[in-house]
Number of protein chains: 2
Amino acid sequence: MSGADHIHALPLREHVYERLQELLIARTLGPGDHLVEERLAAELGVSRGPVREALQRLHRDGWITLRPRQGAFVNQPTRQQVEEFFEAREVVERSAAELAAQRCTPEDAAALLGICDEADADWARGVPAQQMAGHTARFHRTVMLCARNHLLLEFGEQLSQRSRWFFAPLVSSIAPRAWAEHREVAELIAAGRPGEAAAAMRLHVEQSRDSYLDTQLVEDTPPEPVAFRRTRAPSGSRAGDAPRARRARA
Amino acid sequence: MSGADHIHALPLREHVYERLQELLIARTLGPGDHLVEERLAAELGVSRGPVREALQRLHRDGWITLRPRQGAFVNQPTRQQVEEFFEAREVVERSAAELAAQRCTPEDAAALLGICDEADADWARGVPAQQMAGHTARFHRTVMLCARNHLLLEFGEQLSQRSRWFFAPLVSSIAPRAWAEHREVAELIAAGRPGEAAAAMRLHVEQSRDSYLDTQLVEDTPPEPVAFRRTRAPSGSRAGDAPRARRARA
DNA sequence: GTTCCACGGATCGTTAACAGTAGACAAGAT
DNA sequence: ATCTTGTCTACTGTTAACGATCCGTGGAAC
């Protein structure tokens, strides 16, 4: 996440996509918010084109809902969706762990355990939660890298990012348990024990699910009710900055 | 100007996406072909905007490669990629079958078996291969519908479409075996036997993989070498329609 | 004959402008 | 008072045009 702001050797839509992901994870854009293309474009200093493309990708990845003639709305995960999410994650991650244990090289093993060490050290040093979340994402990504399957990797990436989104508020509280489980998974993969690695990963995902559901952060709101309501400025009084939805990034 | 310009209650990019998928599956656009935005736009009677969006979706779904400043190229599946594909498919479909067997209602069961009946009937009547492929896609889709998990459904959709792409040339030769296996899966799901349904589905995917690999249709070309080569018409002779890449739709 | 440089064409990435529609508010009819 | 209707704004979907970049080609120098 270093500089790379000025020269864009990378397509612009990527920047927009990542930036929006950050805003989503940080809850600067919260569930129900209406994402207006023009506003985001102005905010990020680009035009509507790249923003549109990024929004469509966010839609496909399950972050936002794109209603046909109405625009983009940040998703409010329902309990149903959360359960489906963890179920899917369990399927993908478990298989990935199994394959990883069959195929991981010594270098892979070192990388996995290295991430665990780093994370533990950083945790001991008390780094911000966001950074721990970054470690988690890297860990799961590395497992899927070891599985040597690009499709599973891509599925896993999607799930991993969304997981980071879900867990953003409570990373700190579950970090110790999570990293103990991570290390166990890593050691079983490194030892080349597919069945046990798969089981350990499955357990890890289930534990995470339970932790999440216990916090009751999830609401059973149906997908519709949150609409954009005007701030009662109907005629003439165009208050330049009417915060009809939370502003993106001060 | 070419038909299809009536009322489009559906966003235009969807039409473009589906149309391009058809052209890909029909091999009108073959591996290595260079997809030029402007040309496609003219061909489909729309502008570059929607075409761009459709191309990006095709890229993320693994149909084409999008090189940064160069454009879109139809993917030539390498053996590596095909094996990864079947591996991923096995993971997703097996789990979906297992969940489907746990959750399917009588209506679901009827739908599954109904598709099998339809397919068998159509096969006996000798319908075109493309239609059988459509039945196959519907069957797998229905299984994942029974699994009641939207994420798995979406993953499966992607895989299913690509499967249809791979198998387009040889649907006919494997249809009878495939549908026998489909029926067995359907019956086990309908009977509510998760373990056996999963095993049957796994077997089905493996059989399909073997059938595919046996045909040797897959080439071991590394991912780069296929570049767009001109038809050796370098200077002056701009034959208005130089088929530097296969034209889209006569 | 071979290598290097410069020009030209083609194509992508991006931006700005146009038209059509969905939702909301206000006035009028029942 | 409630429902209907007219109008108005804001936003999306789409189109057209601009600038930047890369590939290929041709000529000149060695």
Side-chain angles (χ1 to χ4, degrees), chain A residues 6-17 33-56 58-59 64-73 224-245, chain B residues 1 4-17 33-56 58-59 64-73 224 227-242 244-245:
Chain A
H6 303 301
I7 225 95
H8 49 278
L10 209 65
L12 209 46
R13 52 177 179 262
E14 296 293 330
H15 283 227
V16 176
Y17 177 78
D33 283 359
H34 186 190
L35 272 52
V36 180
E37 297 178 354
E38 197 174 2
R39 188 175 310 217
L40 294 176
E43 208 69 55
L44 299 176
V46 297
S47 186
R48 276 181 57 205
V51 172
R52 261 180 89 78
E53 296 166 359
L55 286 180
Q56 293 183 19
L58 286 172
H59 167 60
I64 63 179
T65 297
L66 228 50
R67 295 196 205 165
R69 267 284 181 186
Q70 201 166 347
F73 295 84
E224 338 260 353
V226 179
F228 61 109
R229 47 180 153 276
R230 306 213 146 158
T231 49
R232 182 63 83 170
S235 62
S237 79
R238 266 199 50 91
D241 242 346
R244 128 185 14 172
Chain B
M1 241 217 249
D5 46 3
H6 304 300
I7 218 94
H8 47 278
L10 208 66
L12 210 44
R13 51 175 181 256
E14 296 293 329
H15 284 224
V16 175
Y17 178 77
D33 282 0
H34 187 191
L35 273 52
V36 180
E37 296 178 354
E38 197 174 1
R39 188 176 310 214
L40 294 176
E43 206 70 55
L44 299 176
V46 298
S47 186
R48 276 182 55 206
V51 172
R52 259 180 91 77
E53 295 168 358
L55 285 180
Q56 293 184 17
L58 286 172
H59 168 60
I64 64 180
T65 298
L66 229 50
R67 297 197 202 164
R69 268 282 180 190
Q70 202 167 347
F73 295 84
E224 338 258 353
F228 59 110
R229 50 179 154 275
R230 309 217 142 154
T231 50
R232 181 63 81 169
S235 64
S237 77
R238 268 198 52 92
D241 243 347
R244 129 184 14 172

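Chain identifiers are assigned alphabetically (A, B, ...) following the order of the sequence lines, protein sequences preceding nucleic acid strands; residue numbering begins at 1 within each chain.
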OP1 or OP2 of C:dG13 under 4.0 Å from side-chain N/O of B:R52: yes
Minimum-distance pair of heavy atoms, taken over all atoms of A:A41 and A:R48: CB-N, 4.0 Å
Nucleotide of D:dG13, D:dC11, C:dC12 approaching A:V36 most closely (side-chain heavy atoms): D:dC11
Nearest-angstrom distance from the residue atom CD1 of B:I64 to P of C:dC12: 11 Å
Touch class at under 4.0 angstrom, heavy-atom based, for A:L35 against every strand present: sugar-phosphate
Protein-nucleotide distance (B:Q56, atom CD; C:dC12, atom C1'), rounded to Å: 11 Å
Atom-pair distance (CD on A:E37; C1' on D:dA10), nearest Å: 12 Å
From B:H59 atom NE2 to B:R67 atom CZ, the distance as rounded to the nearest 0.5 Å: 11.5 Å
Closest to the A:S47 side chain, choosing from D:dT15, C:dT15, D:dG13: C:dT15
A:Q70 vs D:dC11: side-chain N/O to OP1/OP2 distance below 4.0 Å: no
Whole-Å gap separating P (D:dG24) and NE2 (B:H34): 11 Å
Nearest-Å distance for atom pair OH/C1', residues A:Y17 and C:dG13: 20 Å
Interatomic distance, A:L66 CG vs D:dC11 P [rounded to whole Å]: 15 Å
Distance (rounded to the nearest 0.5 Å) between A:L66 CG and A:L55 CG: 6.5 Å
Nearest-neighbour nucleotide for the A:R39 side chain, D:dT12, D:dT14, D:dC11 considered: D:dC11
Spacing between B:R48 atom CZ and C:dG13 atom C1', to the nearest angstrom: 7 Å
Base of C:dT21 paired with side chain of A:R69 (donor-acceptor, under 3.5 Å): no
Rounded interatomic separation in angstrom, taking CG from A:L44 and C1' from C:dT15: 15 Å
Nearest-0.5 Å distance that lies between atom CG in A:L40 and atom CG in A:L35: 5.0 Å
From CZ (A:R52) to CZ (B:R13), nearest 0.5 Å: 5.5 Å
